2 protein chains.
Amino acid sequence: MFSIGQLSKRTGVKIPTIRYYEQMGLIDAPERSEGNQRRYTKDGLSRLSFIRHSRELGFSVEDIRGLLNLSQHPEKPCHDAHSIAAQHLKDVQTRIAKLRRLERELKRITQCDADNVADCAVIETLADHGLCETEH
Amino acid sequence: MFSIGQLSKRTGVKIPTIRYYEQMGLIDAPERSEGNQRRYTKDGLSRLSFIRHSRELGFSVEDIRGLLNLSQHPEKPCHDAHSIAAQHLKDVQTRIAKLRRLERELKRITQCDADNVADCAVIETLADHGLCETEH
DNA sequence: TCTTGAAGCTATAGCTACTAGAGACATTAT
DNA sequence: ATAATGTCTCTAGTAGCTATAGCTTCAAGA
Ligand SMILES: [Zn+2]
Ligand SMILES: [Zn+2]
Ligand SMILES: [Zn+2]
Ligand SMILES: [Zn+2]
C-alpha cells in the first residue's frame, strides 16, 4: 500500500495531478485509511505509470482513457489502439511542420541589423505579413 | 470607422477575440456609437493586424504586449525586440526537437503487427518506458 | 505518552488564449 | 414599419494541470 506521496515519487506524477486524474475518472478512487487518506495498490501504481508515460508521449487525456480501456481487455483486437496512435503521430507531424515554417520565418526576421525600432525587421515584419515568405 | 464585425473581417480575428484583447489591454477601448457599439479607426485596424500576425508567428500575448510597446517608440533601440524574437525562436526550436523525439518513438510503436491487445506494441510500450529508445 | 513536523484532506481559484451561449439592444435594408 | 442581421454584456467552458487556504492525520523522536 502506498500513500499518495509515495505514489507520486514512484511515478513522477505530482500529487495534485494524481487527485485531478482521479476526479477525471482516469484512475479509480482508491481505498482510504481510517483517517481518510488515499491508499494505493500496485495496480494503481502501474495504471498511473501507464498514464504518465502516455502523457510524456503527448497523448491527450481522452486518448489515454481509450487506451486504458483497451489495455484492460487483452483479448480484444488492437486496431483501435493503432488508430489512436496513428492519429496522434499525424498530429505530431502536423505540428512539427507548422513549427518548422515558423522557425524559418523567425530565423529570417531576427537577421535585423538596424539599431532602432523605426527600421527594425522584426517590428516591420510583424506589422506586415506581406514581408513573410510562407503562409501560416 | 469600422464596426467590430468589419474589423473582424479585415483582420481575420474573431469578434469575441477582439473583445478579449480589449479586456486584456492589448488594444485600447475604441470610441462607441450612440448605441454603445465599438467604432474602430485605421489605427485600431493596424494594431490588431500586428497582433494577429504576431500570434500567427506564435508569440505569446505577453511578448506581443512588449513588441507593441516598442513599436510605438520608433526612436528606441531595437535590441529588446530582437531578444523577444530570439527567445521565441529558441522556444520553437526546443519544441521542434521534443516533437521529433516523439515522432520517432511513435513511428516505432505503431509498427505493431500483433492483432490483439495482449501482444500489442502500442500498449506494451505505453506500459513500460524501458521499451523506448529515447528519453522524453 | 506526548509532541512536533511532515504529509494529506477538500474546496476553490488561477493559468493561456480563446470560444460559445443567453438574452437584450442597435443598426440596416426593404 | 418590420424583419434580418449585428452587437452588447456577462457567464461559463475548453485542456491539463498548479497553487493556495484552512484543516486533519500520520509517524517518529523524547
Ligand atoms: Zn531590429
Ligand atoms: Zn507572415
Ligand atoms: Zn497492436
Ligand atoms: Zn518512453
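These numbers were taken from a predicted model, which means no experiment stands behind them. Convention: sequence-line order gives letters A, B, ...; per-chain numbering from 1.
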Margin query: Using whole Å, what does the distance between atom P of nucleotide D:dG6 and atom CD1 of B:I18 come to?
Written below: 14 Å
Check: Between A:R101 and A:E105, is there a side-chain N and carboxylate O pair less than 4.0 Å apart?
Finding: no
Margin query: Counting neighbours of CD on B:E31 that are heavy atoms of other residues, nucleotides or ligands and sit closer than 6.0 Å, is the number greater than 12?
Written below: no
Check: In this structure, are over 12 heavy atoms from other groups packed under 6.0 Å from A:R39 atom CZ?
Finding: yes
Item checked: Upstream residue (5' side of DNA chain C) when A:G5 and A:Q23 are each assigned their closest nucleotide -> A:G5
Next item on the list: Please state whether the phosphate of D:dT7, meaning OP1 or OP2, lies under 4.0 angstrom from any side-chain nitrogen or oxygen of B:S3.
Entry: yes
Check: Are B:E62 and B:R65 within salt-bridge range, i.e. N to O under 4.0 Å?
Finding: yes
Note to self: Please report the distance, rounded to the nearest Å, between CG in B:D91 and C1' in C:dT16.
What the structure shows: 15 Å
Check: Does a donor on one side chain sit under 3.5 Å from an acceptor on the other, for A:Q37 and A:S3?
Finding: no
Checklist line | Integer-rounded Å distance: C:dA17 P and B:E56 CD | finding: 15 Å
Note to self: Just so I know, are the side chains of A:Y21 and A:I51 near enough to count as touching, which here means a heavy-atom distance under 4.5 Å?
What the structure shows: yes
Notebook entry, point to check: What are the residues of residues 26-40 of chain A, sorted by number, that bring a heavy atom to within less than 4.0 Å of DNA chain C?
Noted result: A:R32, A:N36, A:Q37, A:R38
Checklist line | Whole-Å gap separating P (C:dG8) and CZ (A:F2) | finding: 13 Å
Next item on the list: Assess the side chains of B:R47 and B:Q72: does a donor N or O sit below 3.5 Å from an acceptor N or O?
Entry: yes
Notebook entry, point to check: When the distance from CD1 of B:I4 to C1' of D:dC8 is rounded to whole Å, what number comes out?
Noted result: 10 Å
Check: Does any non-hydrogen side-chain atom of A:L7 lie less than 4.5 Å from one of A:R10?
Finding: no
Check: How does protein reach along nucleotides 13-23 of chain D, written 5' to 3' as B (base within reach of a heavy atom under 4.0 Å), S (only sugar-phosphate), or - (no contact)?
Finding: ---BBB-----
Check: So which pairs with a foot in residues 103-131 of chain B pass ring pair (Phe, Tyr, Trp, His ring centres under 6.0 Å), sequence neighbours left out?
Finding: A:H53-B:H129, B:H129-B:H136
Notebook entry, point to check: What is the distance, rounded to the nearest whole Å, between atom CD1 of A:I15 and atom P of C:dC9?
Noted result: 8 Å
